[in-house]
2 protein chains.
Amino acid sequence: MPQITLAMNKCDQCIVRQLSSLKALNKDEVVKLANSKTTYTIKKGEAIFEEGEVTNGVFCVKDGVGKLSKLSANGKDQIVKLVKSGELLGQRSMISNEPANLSAKAIADMEVCFIPKSEIIHFFNNNNQFSLNLMQSVCEDLKESENDKIALVQKTVKQRLAETLLHLHEEFGENPDKTLKVQLTREELAGIIGTATESCIRLLSDFNKLELIELVGKKIMLKNVKALKRMAE
Amino acid sequence: MPQITLAMNKCDQCIVRQLSSLKALNKDEVVKLANSKTTYTIKKGEAIFEEGEVTNGVFCVKDGVGKLSKLSANGKDQIVKLVKSGELLGQRSMISNEPANLSAKAIADMEVCFIPKSEIIHFFNNNNQFSLNLMQSVCEDLKESENDKIALVQKTVKQRLAETLLHLHEEFGENPDKTLKVQLTREELAGIIGTATESCIRLLSDFNKLELIELVGKKIMLKNVKALKRMAE
DNA sequence: TATTTAACATGATAAATATCATATTTAAAA
DNA sequence: TTTTAAATATGATATTTATCATGTTAAATA
């Protein structure tokens with residue numbers, strides 16, 4: 001049965017299969033997965049789904065970077081979470097049986113696979129390790145969200161910027177020229193730390209003058225990680 | 001077997017069993033639950049568990065109100081969530097296999113039952129409806145936390161106070177004299193909306209003058225729900 | 001290449017909120 | 001009850017951050 005082997009291999013080799021809750025799936029389940037998935041290419045700036053949309057499944061991020069965000073009344077886009085390759089997207093809404101609470105958009109060109117809800121629920125009901133993994137993943141998101149919430153109240157914008165730069169460095173790494181690999185606009189960065197774009201730009205300038213970072217065009221290089229960490233406290 | 005019937009009834013009648021994920025348990029499982037639980041009484045102000053503590057199980061809130069909070073460096077207590085009777089406490093840490101990220105303290109005298117982790121994991125692995133319920137409950141918390149996070153950035157303190165007063169009214173109801181049933185200090189209220197205690201007090205005074213609320217000693221009565229809703233937008 | 005547009009940058013100012021000081025009231029303890 | 005401590009209240013002020021204005025640079029498009 002060459003097709004089945006092919007289908008299995010397709011997902012079996014995938015980074016999402018290796019990193020996400022899906023790692024708990026057995027061979028048969030991976031075959032089932034491969035046969036039900038749909039692959040999409042999302043260009044930078046495009047949406048995977050919008051707030052209020054019913055998705056009826058989850059998206060596997062094979063490649064690229066995405067943002068989960070909510071548009072405010074005054075037109076500002078508050079970024080709740082960044083997602084990178086290996087992660088699942090839309091788990092929460094699917095499990096809660098609700099339309100998406102947030103929009104998902106590509107920050108860098110993305111390749112994603114859609115897995116229908118029926119598949120996920122089937123795995124959830126028949127594979128304890130998978131359901132535990134999925135549960136832990138949502139719990140991880142919850143912990144992060146709660147900590148973000150606390151940071152928003154207990155820390156200044158300056159501290160949050162330092163913290164966020166360190167996070168971005170840790171999570172996404174750096175280019176050969178030592179600049180941050182995730183290429184965010186100042187507006188997006190402001191959307192993550194929860195401040196006005198101008199304030200974000202101003203603080204980046206300050207950090208630059210203090211030699212905590214270096215601004216290489218629109219890119220950012222961390223120059224003094226230790227001092228940034230001290231500042232984030 | 002009178003003991004077994006007794007043991008089952010004990011938890012079967014319980015409000016937590018009726019409202020939480022535990023509603024999915026069958027009779028045998030409820031008996032198992034009743035035999036493994038430990039009941040505690042927590043006086044107002046006392047802690048159920050502290051940040052950093054390993055709990056190794058979950059707490060069922062039978063009666064009273066609790067707060068999940070984190071102490072900041074400057075001594076302020078940021079409240080992440082309030083819990084009331086019928087809810088479970090400590091699910092996230094237990095599933096993530098981590099020490100508690102937050103402290104849980106009683107705001108009103110509480111009665112709670114402790115259920116060891118082994119029991120919960122057993123139910124999780126053997127009862128699909130239970131695991132789905134638990135999952136949905138964590139998802140609900142996540143959604144709420146994300147929305148809180150967005151509100152912290154996109155709304156003013158005034159809007160958040162209006163929003164919080166409405167939430168407290170909706171979630172906990174009112175006393176016979178129409179005042180809010182949850183009795184929070186101004187400091188705690190400030191800890192929920194994420195502001196300084198004085199700012200919170202000042203705004204309550206303003207709301208009082210505007211006849212949106214009425215301050216009855218330390219208690220708060222909502223007088224103009226419609227206007228509060230408009231203000232929260 | 002020239003032109004246009006978007007992103008970045010910075011100053012000036014306004015608004016929101018925190019902090020400090022100090023009463024006043026309420027509740028707890030001696 | 002008297003005393004003490006804690007919670008509430010409010011004014012004055014400082015700080016943080018947002019907003020508006022405007023200029024500069026970089027990048028996209030004609």
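Reminder, nothing fancy here: chain letters follow the sequence lines and each chain counts from 1.
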Open item on the list: So L215(B), base contact, sugar-phosphate only, or nothing? Heavy-atom distance under 4.0 Å.
Closed with: sugar-phosphate
TODO: Evaluate whether atom CD of E187(A) has more than 12 neighbouring non-hydrogen atoms of other residues, nucleotides or ligands under 6.0 angstrom away.
DONE: no
TODO: Name all pairs fulfilling the ring pair (Phe, Tyr, Trp, His ring centres under 6.0 Å) condition that reach into residues 68-106 of chain A, sequence neighbours left out, sorted by first residue then second.
DONE: none
- [ ] Send over the distance from I193(B) CD1 to dA16(C) P, rounded to a whole Å.
- [x] 15 Å
Task: Contact letters for nucleotides 24-30 of chain D, in which S counts primed atoms plus P, OP1 and OP2 and B counts the base, heavy atoms under 4.0 Å - done: -------
Task: CA sep, side-chain torsions, deciding dist, call: I150(A), L102(B), side chain to side chain contact (heavy atoms under 4.5 Å, CB included) - done: CA-CA 11 Å; I150(A) 292 165; L102(B) 306 166; 3.9 Å; yes
TODO: Give every residue pair that meets the side-chain hydrogen bond (donor to acceptor under 3.5 Å, both in side chains) criterion with at least one member in residues 175-184 of chain B, sequence neighbours excluded.
DONE: N175(B)-T179(B), D177(B)-T179(B)
Task: Any V83(B) side-chain heavy atom under 4.5 Å of V65(B) side chain - done: no
Task: Sequence neighbours excluded, every pair satisfying side-chain hydrogen bond (donor to acceptor under 3.5 Å, both in side chains) that has a member inside residues 222-233 of chain B - done: none
TODO: Quickly work out the D206(A) CG to dT10(C) P distance and round it to whole Å.
DONE: 9 Å
Task: Of residues 180-191 of chain A, the positions that come close to DNA chain C - non-hydrogen atoms, cut-off under 4.0 Å - done: T185(A), R186(A)
TODO: Can you sort out which residues in residues 156-168 of chain B have a heavy atom within less than 4.0 Å of DNA chain D? Ascending by number, please.
DONE: none
TODO: Scan residues 193-217 of chain B for pairs that pass ring pair (Phe, Tyr, Trp, His ring centres under 6.0 Å), counting only residues two or more places apart or in two chains.
DONE: none
- [ ] Could you walk me through whether N101(A) and L68(A) pass the side chain to side chain contact (heavy atoms under 4.5 Å, CB included) test, one step at a time?
- [x] CA-CA 9 Å; N101(A) 186 39; L68(A) 283 167; over 6 Å; no
- [ ] Give a yes/no answer on whether the side chain of S205(A) brings an N or O atom under 4.0 Å of OP1 or OP2 in dT10(C).
- [x] yes
Just the atom pairs and distances: protein N or O near nucleotides 11-14 of chain C's N or O, under 3.5 Å.
| residue | atom | partner | partner atom | Å |
| --- | --- | --- | --- | --- |
| dG11(C) | N7 | R202(A) | NH1 | 2.9 |
| dG11(C) | O6 | R202(A) | NH2 | 3.1 |

Open item on the list: Rounded to whole Å, please give me the gap between CZ in F207(B) and P in dT8(D).
Closed with: 17 Å
- [ ] Could you tell me, to 10°, how much the axis swings from one end of the helix from dT1(C)-dA30(D) to dA30(C)-dT1(D) to the other, five pairs per end?
- [x] 40°
- [ ] Taking only Lys NZ, Arg NE, NH1 and NH2, and the carboxylate oxygens of Asp or Glu, determine whether K219(A) and E214(A) approach each other closer than 4.0 Å.
- [x] no
- [ ] Name the nucleic acid region contacted by K76(B), choosing base, sugar-phosphate or nothing; use a 4.0 angstrom heavy-atom cut-off, strictly under.
- [x] sugar-phosphate
Task: ring pair (Phe, Tyr, Trp, His ring centres under 6.0 Å) contacts touching residues 145-171 of chain B (sequence neighbours left out) - done: none
Open item on the list: So R186(B) and L204(B), do their side chains get closer than 4.5 Å, heavy atoms only?
Closed with: yes
Open item on the list: Need one value for T195(A): base, sugar-phosphate or nothing, where a base atom within 4.0 Å counts as base even if backbone is also close, heavy atoms only.
Closed with: sugar-phosphate
Open item on the list: I'd like to check Q78(A) versus Q154(B) (side-chain heavy atoms, cut-off strictly below 4.5 Å). Are they in contact?
Closed with: yes
TODO: Please examine the side chains of S103(B) and E51(B), heavy atoms only from C-beta on, and report whether any two atoms are closer than 4.5 Å.
DONE: yes
Open item on the list: For K158(A), I'd like to know if atom NZ has over 12 heavy atoms of other residues, nucleotides or ligands within 6.0 Å.
Closed with: no
Task: Whole angstrom value for the distance that separates C1' of dC8(C) from CG of N208(A) - done: 13 Å
Open item on the list: Using whole Å, what does the distance between atom C1' of nucleotide dT10(D) and atom CG of L203(B) come to?
Closed with: 13 Å
Open item on the list: Using whole Å, what does the distance between atom P of nucleotide dT25(C) and atom CD1 of I201(B) come to?
Closed with: 15 Å
Open item on the list: Does anything in residues 89-98 of chain A form a salt bridge (Lys or Arg N to Asp or Glu O under 4.0 Å)? List the pairs, not counting sequence neighbours.
Closed with: R92(A)-E98(A), E98(A)-K143(B)
- [ ] Determine which pairs satisfy ring pair (Phe, Tyr, Trp, His ring centres under 6.0 Å) with at least one residue from residues 55-111 of chain B, sequence neighbours left out, and list them in order.
- [x] F49(B)-F59(B), F59(B)-F114(B)
TODO: Using a 4.5 Å cut-off on heavy atoms from C-beta on, say whether the side chain of M94(A) contacts that of I120(A).
DONE: yes
- [ ] Take the protein atom NZ of K219(B) and the nucleotide atom P of dA27(C), then report the distance between them rounded to whole Å.
- [x] 10 Å
TODO: Write down the distance between CD (Q154(B)) and C1' (dT19(D)), rounded to a whole number of angstrom.
DONE: 17 Å
